[in-house]
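Just follow the structure's listing: the first ligand is 1, and inside any ligand the first atom is 1. Nothing fancy with the numbering, it's 1 onward along the sequence.
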Amino acid sequence: MRPIRYVALVVLLIASFVLSFAATPATSVKAQKQLTIGFAQTGSESGWRTAFTNAMKSAAEKESIKLLFSDGQQKQEVQIAALRSFVAQGVDAILLAPIVETGWDAVLKEAKDAKIPVFLVDRGVQVSDDSLYVTRVAADFAHEGRLAAAWLSTAVAGSKWVNGCNILEMQGTVGSSAALDRAKGFNEVLALFPTMKIVATQSGDFTRDGGKKVMEGFIQSQNGLKEICAIWAHNDDMLLGALEALKAGGIKTGKGGIFTISVDAVPDIFKAMADGDASATVELLPDLGPIAYQTVRDFLGGKEVQKRIVMPSPMWFPDTAADQYAKRSAAK
Ligand code: AHR
């Protein structure tokens, strides 16, 4: 190679090396430094919520992320105050698990104006401008409701309730996307089966206590559940609370009794299935940390991020419940 060509090649290589750094958005530097992320959690209403909080904290620790955690205590105003505090502290990103769907526009706009990206984890929001948040990492709650109703319709088909199935529904927190979408999905599929209908519905606020109280009321108002074929609970905790009331009232559920279907797959529902007291559950995976944090890094690094990241929703039944209970309770 002639010297002049050699010098030109070296100059070109150096120039492209320098340019490759100049072309990298400043944000990717942020993606590589130790991140500070604010996480506004709804509270600790259920076993699933606690597992989700623990998973987010331990994934942050593994990834050396400084996680500022706020417990929303089931109050939207507490979550809004947490978001404002994260903005004031100048965090790199905010994760929000919104307690209810509406009422977020103003605070999300404040975060956007401060150039702090917000990522939804778990529940969703209804906002006038979708650019107020980057993405949502969560299962599809309407799909969970559809799965629950589809399974129930098949179970009912082979039972004494084939010509008519009265269902009791225990809803989650009023106004939460988890409650709204699960109800919507369940009702969509139920509409295909004219012999199946919800005869009473009430919110148990996603808590065991709430589920127990709602079921005590249903036992009174629904003639001791003599005409009830199934209980559809928006989460396992409400069903587990309801089972206490049902046992106290001598009412059999699960194997040989009223069908039950709920969501979350917390360890105790596997125990209830193994004991023959519950029929099925749709799993809501609590381990959103690794994917949520990777998405934050991708976004800060200038990569394109999908507007919705959907987690799978496996279903579980009594046949594997004893094994699953042993595994999951040991891992708790
Ligand atoms: O938003 C998800 C729901 O919230 C879970 O199914 C429930 O257990 C929790 O409280």
Handout entry: Under 3.5 Å: N/O of Trp48 near N/O of ligand 1
Key = no

Exercise for the section: Examine the side chains of Asp277 and Thr253 and answer whether a donor and an acceptor come within less than 3.5 Å of each other. Expected result: no

Exercise for the section: Among all protein heavy atoms, pick the one closest to atom 8 (O) of ligand 1 and tell me residue, atom and distance. Expected result: Asp264 OD2, 2.6 Å

Handout entry: Polar side chain donor-acceptor pair, Arg49 to Thr42, under 3.5 angstrom
Key = yes

Problem - Close-contact set for ligand 1 against Arg49 heavy atoms, below 4.0 Å - result: 1 (O), 2 (C), 3 (C), 4 (O), 9 (C), 10 (O)

Handout entry: Close approach of Val263 to ligand 1, heavy atoms, under 4.0 angstrom
Key = no

Exercise for the section: Ignoring hydrogens and angles, state whether a donor on the side chain of Ser203 or Gln171 is under 3.5 Å from an acceptor on the partner side chain. Expected result: no

Problem - Subset of ligand 1 atoms that lie under 4.0 Å from at least one heavy atom of Ser46 - result: 7 (C), 8 (O), 9 (C), 10 (O)

Handout entry: Leu284: numbered ligand 1 atoms lying under 4.0 Å from its heavy atoms
Key = 2 (C), 5 (C), 6 (O)

Handout entry: Protein contact of atom 10 (O) of ligand 1 - nearest heavy atom, named by residue and atom, plus distance
Key = Glu45 OE2, 2.4 Å

Problem - Cation-aromatic face contact Lys327/Phe270, 6.0 Å, 45 degrees - result: no

Exercise for the section: May I ask you to check whether Thr195 and Asn163 show a side-chain donor-acceptor distance below 3.5 Å? Expected result: no

Handout entry: ligand 1 contacted by Asp122 (non-hydrogen, < 4.0 Å)
Key = yes

Problem - Arg136 NZ/CZ over Phe141 ring centroid, <6.0 Å and within 45° of normal - result: yes

Exercise for the section: Ignoring angles and geometry beyond distance, decide whether His234 reaches within less than 3.5 Å of ligand 1 through its nitrogen or oxygen atoms. Expected result: no

Handout entry: Arg182 touching ligand 1 at heavy-atom level, < 4.0 angstrom
Key = yes

Problem - Distance under 6.0 Å and angle within 45° of ring axis: Arg328 vs Trp48 - result: no

